[in-house]
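Please read these numbers as outputs of a predicted model, since none were measured by experiment. Computation of the quantities below employed the complete heavy-atom set of this structure, encompassing side-chain atoms and omitting hydrogens, waters and symmetry-equivalent molecules.
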Amino acid sequence: FLLVGYYRDEAKPTPNDGLSPYFMAGVGLMDRVELGLFVGDKVDDDMVYFLNLKVKVLQETLKLPQVAVGLDNIFSPVGETSVQDLNPGDDFFNHPDKADYEMFSPYLVASKQAVVLGMPWMFNMGLGAHRFTGQVARSRVWNGLFYSAEMSPFNNFFVQGEYSGHDFNAGIKYAYKNWGFKIGAQAIEDL
């Protein structure tokens with residue numbers, strides 16, 4: 001279960017600031033399948049909701065990465081590839097996270113754990129469509145490619161960075177038993 005409240009403060013495409021809560025829940029099935037539910041973030045007083053599905057194809061070994069395929073944003077109200085074609089007045093036209101909600105976003109991702117400089121790291125690299133593709137010229141350079149790295153300089157504390165396919169994001173995470181606390185910044189290239 002994940003409960004998130006993030007603060008938006010942006011000037012473009014339209015001024016938008018305030019707290020935007022959302023909720024996610026996930027369940028693992030048969031040690032290979034993950035099913036997730038997203039609910040939250042209003043658009044014109046309607047809640048955004050969708051499902052995510054991920055299947056592990058290859059288990060990680062000492063030499064090989066874990067490989068998974070997935071489909072995000074099943075039943076999302078933002079149609080496939082419509083983000084680039086929205087017009088003034090359309091639902092989501094002024095929504096700052098519309099690219100993250102594009103319907104039926106498939107991907108393939110490889111993940112590998114490693115010890116680097118005496119610290120545990122997790123590396124992920126993948127290729128996807130729709131929500132994983134750039135909406136502006138600067139993010140179309142690596143269209144569909146996404147990657148992340150996470151390091152743990154000391155027990156239960158993690159530093160994270162990622163390129164989501166259209167934004168650079170960074171954060172820190174602290175884990176305590178079954179609880180995790182995160183703080184992050186999205187689209188840091190926009191300051």
Participant: Should side-chain heavy atoms under 4.5 Å link Ile, Leu, Val, Met, Phe, Trp and Tyr, which residues sit in the same cluster as V109?
Facilitator: Y107, F132, F146

Participant: Could you tabulate the donor-acceptor pairs under 3.5 Å formed by side-chain atoms of residues 110-123, not counting sequence neighbours?
Facilitator:
{"unit_1": "S111", "atom_1": "OG", "unit_2": "N124", "atom_2": "OD1", "d": "2.5"}
{"unit_1": "K112", "atom_1": "NZ", "unit_2": "E60", "atom_2": "OE2", "d": "3.2"}
{"unit_1": "K112", "atom_1": "NZ", "unit_2": "T61", "atom_2": "O", "d": "2.8"}
{"unit_1": "K112", "atom_1": "NZ", "unit_2": "L62", "atom_2": "O", "d": "3.2"}
{"unit_1": "Q113", "atom_1": "NE2", "unit_2": "E60", "atom_2": "OE1", "d": "3.3"}
{"unit_1": "W121", "atom_1": "NE1", "unit_2": "V116", "atom_2": "O", "d": "3.3"}

Participant: Considering residues at least two apart in sequence or located in another chain, which fulfil the side-chain hydrogen bond (donor to acceptor under 3.5 Å, both in side chains) criterion with K56?
Facilitator: Q59

Participant: Between V27 and V39, is there a shared hydrophobic cluster once you connect ILVMFWY residues whose side-chain heavy atoms come closer than 4.5 Å?
Facilitator: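 Cluster IDs for V27 and V39 match.
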
Participant: Report the distance from atom CG of L145 to atom OG1 of T133, rounding to the nearest 0.5 Å.
Facilitator: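 Spacing of CG (L145) from OG1 (T133) equals 12.0 Å.
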
Participant: Which pair of heavy atoms, one from L58 and one from P65, lies closest together, and at what distance?
Facilitator: CD2-O, 3.7 Å

Participant: Indicate yes or no for a side-chain donor-acceptor contact from N52 to the backbone of N73 under 3.5 Å, with no hydrogens or angles considered.
Facilitator: yes

Participant: Are the side chain of S152 and the backbone of F157 linked by a donor-acceptor contact shorter than 3.5 Å?
Facilitator: yes

Participant: For residues 168-180, which side-chain N or O atoms pair as donor and acceptor with protein atoms under 3.5 Å away, sequence neighbours left out?
Facilitator:
{"unit_1": "N169", "atom_1": "OD1", "unit_2": "A187", "atom_2": "N", "d": "3.0"}
{"unit_1": "N169", "atom_1": "ND2", "unit_2": "E162", "atom_2": "OE2", "d": "2.8"}

Participant: Just to verify, what does F50 make a ring pair (Phe, Tyr, Trp, His ring centres under 6.0 Å) with, not counting sequence neighbours?
Facilitator: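 F50 satisfies ring pair (Phe, Tyr, Trp, His ring centres under 6.0 Å) with F38, Y101 only.
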
Participant: Could you see if V55 belongs to whatever hydrophobic cluster contains M30? Use Ile, Leu, Val, Met, Phe, Trp, Tyr and a side-chain cutoff under 4.5 Å.
Facilitator: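 V55 and M30: one cluster.
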
Participant: Measure the spacing between CD1 of I74 and CG of L35 and express it to the nearest 0.5 Å.
Facilitator: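 Those atoms lie 7.5 Å apart.
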
Participant: Search all heavy atoms of L71 against all heavy atoms of P106 and return the closest pair with its distance.
Facilitator: CD1-N, 3.7 Å

Participant: Okay, side chain of H130, backbone of M103: is any donor-acceptor separation there less than 3.5 Å?
Facilitator: no

Participant: Which residues satisfy the ring pair (Phe, Tyr, Trp, His ring centres under 6.0 Å) test with Y49, sequence neighbours excluded?
Facilitator: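 Counting only residues at least two positions away or on another chain, Y49 forms no ring pair (Phe, Tyr, Trp, His ring centres under 6.0 Å).
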
Participant: How long is the straight-line distance from CZ of F1 back to CG of L37, given to the nearest 0.5 Å?
Facilitator: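 Result: 10.0 Å between the selected atoms.
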
Participant: Take a 6.0 Å sphere around CD1 of I183 and say whether it holds more than 12 heavy atoms from other residues, nucleotides or ligands.
Facilitator: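 12 or below, so no.
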
